[in-house]
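These figures come from a predicted structure and were not determined experimentally. Protein chains get the first letters and strands the later ones, always in sequence-line order, with residue 1 at the start of each.
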Amino acid sequence: MAYSYQLKRVDFIFRNENDWEKVLSNTIKKKPDEIINELISSELKGRGGAGFPTGLKWKLTAESKSKEKYVICNADEGEPGTFKDREILTKVPYKVLTAMAVCGYVTGAKEGFIYLRGEYKFLEEELNKTIDEFQYYCQEINLDFKIKIFMGSGAYICGEETALMESMEGRRGEPRNKPPFPTQAGYRKKPTVINNVETLVHTWTIFKYGAKKFYDLGVQYSRGTKLFSVSGDTPKPGIYELELGMSLQDFVYEFGDGDTKAVQVGGASGFLVPRKKFKDTAIGYEGKLVGISLPTGGSMMLFNSSRSMFNVLDNYLEFFREESCGQCTPCRVGCQQLLLGIKAVKRGEKPASYLDKLLKLTETMQLTAKCGLGQSVANSFSSIVENFREEMIY
Amino acid sequence: MDKKVNITINGFPVELKKGKTILEAAEEQGIKIPTLCYHKDLCVAGNCRVCVVEVVGQKRLSAACATPCEDGMEILTNSLKVRNSRKHIIELILAEHNADCTKCYRNGNCELQELSSEYKIMTQDFIELAPLKNYTIDMYSPSIMKDDSKCIKCQRCVRTCAELQGVNALTVAYKGDHMRISTFFEKAMNDVVCTNCGQCVNHCPTGALVERNYIEEVWGAISDPTKHVVVQTAPAVRVGLGEEMGMKPGERVTGKMVAALRRLGFDSVLDTDFTADLTIVEEGTELLTRLKKALVEKDKSIRIPMITSCSPGWIKYIEHLYPDNLDNLSTCKSPQQMFGALAKTYYAKARNIEPEDIVSVSIMPCTAKKYEAHRPEMHDSGYRDVDYVLTTRELAIMVKQAGLDFDKLAPAKFDRLMGDSTGAGVIFGATGGVMEAALRTAYELVTGRDVPFENLNIAPVRGMEGVRKASIKIENPLEEWAFLDGVELKCAVAHGLVNAKKIMDAIKAGEADFHFVEIMACPGGCLGGGGQPIPTNPEIRQKRAEAIYAEDADLPIRKSHENPEVQKLYKDFLKEPLGEISHHLLHTKYTKRERF
Ligand SMILES: Cc1cc2nc3c(=O)[nH]c(=O)nc-3n(C[C@H](O)[C@H](O)[C@H](O)COP(=O)(O)O)c2cc1C
Ligand code: SF4
Ligand code: SF4
Ligand code: SF4
Ligand code: SF4
Ligand code: FES
């Protein structure tokens with residue numbers, strides 16, 4: 001199958017624009033409904049991983065009845081090797097603040113929080129200055145919306161939206177049962193919009209340039225652009241804003257070192273794609289347009305033929321075993337079993353067929369784990385074990 | 001707001017009230033969905049995942065305990081997908097579990113064991129994780145043992161300690177494969193704020209938290225011919241023990257229990273109810289004396305309200321968390337400790353036995369009583385006043401070990417001398433019971449008349465509401481108590497330490513004008529104690545409470561001060577309430593403790 005979509009670099013997110021006051025005051029001249037419809041028609045989906053339609057999220061929160069509501073910007077960015085959100089908060093923080101304030105206006109929330117990853121403490125001072133400035137302007141235009149920074153605790157799981165809220169409320173960062181969803185009962189059990197840093201910046205683009213401009217980028221089901229953190233065996237690691245819907249083949253042409261054996265799309269919780277499937281894989285949200293589409297929070301890691309896929313998997317599982325919050329059985333025990341299991345197979349203590357047992361186990365984890373972490377361990381495990389089975393055994 | 005939803009469960013249509021979970025809906029239909037982290041006393045955690053069910057059309061399975069029924073849901077509780085997943089999850093739990101059932105205290109009454117038996121988990125394909133971890137057993141507490149190798153991390157104990165008790169002695173520590181249930185700074189249970197109430201033990205589905213048992217020690221004493229072993233039984237035991245013997249909750253087995261104890265070989269089978277009555281006489285007098293000092297003599301050093309002191313879990317709690325309020329406590333020992341002190345003095349003398357030859361055993365619904373018996377101040381007889389404390393559950397184990405067919409035992413009566421009880425002593429086992437018993441006596445003491453409630457049943461202090469308030473107006477008192485004429489005696493009752501906290505905070509803030517407060521550490525009072533049969537839940541507590549009040553109603557004497565043996569005790573030994581001997585044997589002091 002041939003692709004009509006080539007790799008397209010774009011420059012929206014980091015475009016330095018100093019008209020945020022105008023964007024803010026113009027946007028809130030519109031009715032909340034208009035803004036929501038604009039977002040819905042842009043087909044923007046969350047960039048934090050789960051890909052939930054942003055317009056719908058804002059709409060649901062706006063419709064939830066409560067005097068108290070909140071907006072949270074998820075800047076926990078815990079995925080190893082990604083630092084796109086940090087770049088955004090460093091280079092264009094006012095876009096994020098503007099988007100949060102508009103969200104407050106649309107949903108009726110009067111307070112917003114930036115949940116900042118513990119390791120990003122060094123951003124706090126500068127960011128607070130920007131917030132002060134921003135807050136000053138809000139007062140001028142009589143917009144009642146306060147933004148505060150909340151420093152995260154350093155656990156990966158606290159990036160999961162409900163664990164994040166638990167930790168903000170002073171409890172242990174453990175994901176909650178859903179439903180209820182944050183749009184109904186989020187921070188302090190009040191309706192809450194929680195969006196990734198990058199998602200918020202895209203809303204800014206939509207407010208400023210209109211939904212159509214955004215919609216025209218990307219492909220069906222996967223509109224707009226996305227920041228990618230490119231790492232691994234590549235001559236040009238870094239952060240790139242690209243249109244969604246590109247084929248992995250095109251991506252590897254651009255970023256590979258000529259010897260790319262596989263690409264991990266979406267970090268530890270994503271999928272490993274072997275060379276033979278580059279052509280049939282597109283980067284975007286699930287849709288029926290092209291072969292397989294893989295979503296990603298932005299992490300793209302390339303591996304060349306010098307890499308052992310066993311070690312890659314071993315690393316991911318080590319990560320999950322440690323970063324699982326530990327509350328639910330399938331994830332806590334499952335991660336330990338997977339890690340010890342592949343080691344046992346490698347050492348010959350378990351037969352190769354044990355891998356099939358472990359694959360079945362990942363199915364159960366996917367079906368029954370309480371949150372996205374445990375549910376997505378299956379992604380990397382099955383894609384690596386199925387594509388590189390020999391490397392697991394010998 | 002009673003909207004209906006229509007769903008199907010395994011293909012059968014069901015209509016139910018909105019807001020029910022899948023688990024509740026299935027239960028209504030008589031379909032059992034297995035659970036581990038779920039407990040009716042606690043908020044839903046949804047972490048064990050054994051309750052997963054399939055909701056047709058959804059990609060993932062749903063935790064039945066945590067998922068509300070929505071209109072149109074098609075639920076499958078036993079599809080192949082569900083079965084396979086559930087089995088997998090049980091296998092995973094077992095892989096992390098030190099499953100040596102034959103050496104486990106919960107063998108035979110363990111939710112995990114039952115579940116693995118139901119699912120016939122016969123093999124273990126996964127790698128055994130328990131041996132890879134350095135688990136240790138915390139045995140430092142005289143009340144509770146904690147064995148992390150048996151813990152399935154359901155967090156029921158953590159939720160119990162936080163939600164029912166407000167103590168938060170147990171917390172979740174670490175994450176991932178290191179996640180475990182721990183205490184502040186990982187200290188031993190004996191060195192933290194833990195009140196030894198045992199509610200966590202009662203709510204633990206496995207053998208990870210169990211009482212420290214003294215069964216062998218008691219058998220040893222019984223078979224030692226040089227020892228005279230007396231046993232006392234707390235009021236709540238007689239309405240709980242039946243459950244351990246296969247009876248329905250709420251059976252009263254007083255007579256059978258006495259018969260069983262006698263057959264176990266105890267030399268004298270006596271009743272804690274007797275010292276419950278004694279407590280009422282002492283405590284009632286103490287209350288009136290305090291009121292007189294405070295109201296008439298305007299003695300500022302007297303603390304009002306006076307708060308009951310018969311629940312040792314509560315005592316440990318107040319010592320840790322409200323050390324400035326220790327003077328509010330009645331100085332009365334708990335009935336168990338009054339009994340112990342008398343057993344090795346009054347009883348020894350009357351029966352002409354050397355106190356050092358007496359072994360004093362008590363059967364309690366409570367694990368905190370084990371700690372209480374260990375307190376250094378509880379040696380007023382010159383010996384350790386109570387040697388061994390067994391829970392209702394431990395007694396059941398002894399009865400089974402002795403091969404007694406409990407059902408067939410002919411009911412027997414307590415031995416005399418500290419074996420007589422009244423209805424007032426019995427209701428000590430229920431929340432509000434001490435208050436009711438005290439009011440029956442104090443009111444009569446002051447006015448010469450019965451409390452103005454039908455059949456002596458003081459309904460306002462009964463029930464399961466967490467905090468209950470009542471007041472009685474005193475009219476036409478006897479001359480000696482003239483200062484109480486027209487006084488509204490204000491009382492409050494709380495059970496479960498979260499509720500105790502509410503009252504204590506009000507007292508501290510000066511927002512409470514109570515004269516007398518009853519606090520029991522455990523939900524429902526002793527009948528819901530940490531040493532009672534497992535499971536204990538709201539319905540079961542209700543049944544046991546009904547049994548307690550029925551027992552009270554059936555007894556010929558229902559006022560503590562009318563207990564003939566108590567009267568004889570004062571005549572022959574104590575002379576008068578709050579007298580010198582009482583002071584020495586029946587009253588105690590409390591210790592300020594740190595929060596951490
Ligand atoms: C284990 C785990 C970690 C996550 N970490 C992050 C994170 O660091 N940043 C983030 O924006 N979303 C993270 N998410 C996704 C959030 O739960 C949530 O979906 C997201 O913040 C919603 O924002 P969006 O709709 O803008 O994507 C994580 C999810 C899981 C399951
Ligand atoms: S899936 Fe893992 S991270 Fe998520 S709740 Fe369960 S144990 Fe915690
Ligand atoms: S806790 Fe239960 S399953 Fe585990 S060893 Fe004890 S009885 Fe067996
Ligand atoms: S015994 Fe009571 S106070 Fe102690 S940990 Fe258990 S529930 Fe908490
Ligand atoms: S100690 Fe018992 S109640 Fe607590 S988490 Fe472990 S198994 Fe559950
Ligand atoms: S009983 Fe539902 S998840 Fe544990």
**Student:** Does atom CG (B:Asp71) have a neighbourhood of more than 12 heavy atoms from anything else shown, all under 6.0 Å?
**Tutor:**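 Yes, because the 6.0 Å sphere around CG of B:Asp71 holds more than 12 heavy atoms from other groups.
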
**Student:** Take atom CD of B:Glu186 as the centre, draw a 6.0 Å sphere, and report whether it contains more than 12 heavy atoms from other residues, nucleotides or ligands.
**Tutor:**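 Buried by this count: over 12 neighbours within 6.0 Å.
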
**Student:** Could you tell me whether the side chain of B:Glu96 reaches within less than 4.5 Å of the side chain of A:Thr329, counting heavy atoms only?
**Tutor:**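 A:Thr329 does not reach B:Glu96 side chain to side chain.
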
**Student:** Need one label for A:Tyr354: side chain, backbone, both or neither, based on atoms under 4.5 Å from any heavy atom in chain B.
**Tutor:**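 Just its side chain gets close to chain B.
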
**Student:** Is it the case that more than 12 heavy atoms not belonging to B:Arg83 sit under 6.0 Å from its CZ atom?
**Tutor:**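 Count not over threshold, so no.
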
**Student:** Tell me, out of A:Cys328, A:Ala369, A:Ala344, A:Gly334, who's got the most heavy-atom pairs with chain B below 4.5 Å.
**Tutor:**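 The option with the most such pairs is A:Cys328.
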
**Student:** Taking everything shown except B:Lys133 itself, do over 12 heavy atoms lie less than 6.0 Å from its NZ?
**Tutor:**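 Correct, the count exceeds 12.
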
**Student:** Heavy-atom count check: over 12 atoms from other residues, nucleotides or ligands less than 6.0 Å from B:Lys501 NZ?
**Tutor:**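 No.
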
**Student:** Do B:Arg60 side-chain atoms and A:Gln375 backbone N/O form a donor-acceptor pair below 3.5 Å?
**Tutor:**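 Between the backbone of A:Gln375 and the side chain of B:Arg60 there is no qualifying donor-acceptor contact (under 3.5 Å).
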
**Student:** When only heavy atoms count and the cut-off is under 4.5 Å, which of residues 147-168 of chain B reach chain A?
**Tutor:**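 Expected list: B:Ile152, B:Lys153, B:Gln155.
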
**Student:** Enumerate by number any residue of residues 117-126 of chain B whose heavy atoms lie under 4.5 Å from heavy atoms of chain A; in the absence of such residues, state 'none'.
**Tutor:**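 B:Asp125, B:Phe126, listed by number.
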
**Student:** Measure the spacing between OG of B:Ser85 and CD of A:Gln366 and express it to the nearest 0.5 Å.
**Tutor:**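 That separation rounds to 10.5 Å.
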
**Student:** Strictly distance-based, threshold 3.5 Å: is any side-chain N or O of A:Arg332 a donor or acceptor partner for the main-chain N or O of B:Asp177?
**Tutor:**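 Side chain of A:Arg332 to backbone of B:Asp177, a donor-acceptor pair under 3.5 Å: no, none is there.
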
**Student:** Do you know which of A:Asn177, A:Leu358, A:Leu340 has the most heavy-atom pairs with chain B at a distance under 4.5 angstrom?
**Tutor:**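 Top option by heavy-atom pairs under 4.5 Å: A:Asn177.
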
**Student:** Keeping the roles fixed (side chain from A:Gln337, backbone from B:Ile127), state whether a donor-acceptor pair exists under 3.5 Å.
**Tutor:**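 Between the backbone of B:Ile127 and the side chain of A:Gln337 there is a qualifying donor-acceptor contact (under 3.5 Å).
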
**Student:** To the nearest 0.5 Å, how far apart are OG1 in A:Thr364 and CZ in B:Arg86?
**Tutor:**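 Answer rounded to 0.5 Å: 12.5 Å.
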
**Student:** For the residue pair B:Cys48 and A:Pro330, what are the closest heavy atoms and their distance?
**Tutor:**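 It is O-CD, 4.3 Å.
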
**Student:** What's the separation between atom SG in A:Cys331 and atom CG in B:Asn47, rounded to the nearest 0.5 Å?
**Tutor:**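 Rounded to the nearest 0.5 Å, the SG-CG separation comes out at 12.0 Å.
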
**Student:** Please flag which part of A:Lys350 lies under 4.5 Å from any non-hydrogen atom of chain B: side chain, backbone, both or neither.
**Tutor:**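 Side chain of A:Lys350 only, per the 4.5 Å heavy-atom cut-off to chain B.
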
**Student:** Less than 4.5 Å to any heavy atom of chain A: does that hold for the side chain of B:Val52, its backbone, both, or neither?
**Tutor:**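 For B:Val52, side-chain heavy atoms alone lie under 4.5 Å from chain A.
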
**Student:** If the threshold is 4.0 Å, N to carboxylate O, is there a salt bridge linking B:Lys175 and A:Glu322?
**Tutor:**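 A salt bridge is absent here (no side-chain N lies under 4.0 Å from a carboxylate O).
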
**Student:** Below 4.5 Å from any heavy atom of chain A, which atoms of B:Val50 appear? Answer side chain, backbone, both or neither.
**Tutor:**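 Neither the backbone nor the side chain of B:Val50 comes within 4.5 Å of chain A.
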
**Student:** Go through the atoms of A:Cys335 and report whether side chain, backbone, both or neither lie under 4.5 Å from a heavy atom of chain B.
**Tutor:**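 Looking at A:Cys335, nothing touches chain B.
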
**Student:** Kindly determine whether B:Ile93 and A:Val333 satisfy side-chain contact (heavy atoms from CB on, under 4.5 Å), including the steps that lead there.
**Tutor:** CA-CA 7 Å; B:Ile93 295 175; A:Val333 193; 5.8 Å; no

**Student:** Can you tell which part of A:Glu174 gets under 4.5 Å to a heavy atom of chain B, answering side chain, backbone, both or neither?
**Tutor:**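 Contact with chain B involves the side chain of A:Glu174 alone.
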
**Student:** B:Lys59, B:Met179, B:Glu54, B:His178: which one forms the most heavy-atom pairs within less than 4.5 Å of chain A?
**Tutor:**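 Option with the top pair count is B:Met179.
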
**Student:** Looking at A:Lys178, I'd like to know if its NZ atom is crowded, meaning that more than 12 non-hydrogen atoms belonging to other residues, nucleotides or ligands lie closer than 6.0 Å.
**Tutor:**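 Counting other residues, nucleotides and ligands, NZ of A:Lys178 exceeds 12 neighbours.
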
**Student:** Flag the pair B:Ile89 / A:Thr368 as yes when at least one side-chain heavy-atom distance between them is below 4.5 Å, and no otherwise.
**Tutor:**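 They are in contact (side-chain heavy atoms under 4.5 Å apart), so the answer is yes.
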
**Student:** Which atoms of B:Ala66 are under 4.5 Å from chain A, going by heavy atoms: the side chain, the backbone, both sets, or neither?
**Tutor:**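 Its backbone and side chain both get close to chain A.
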
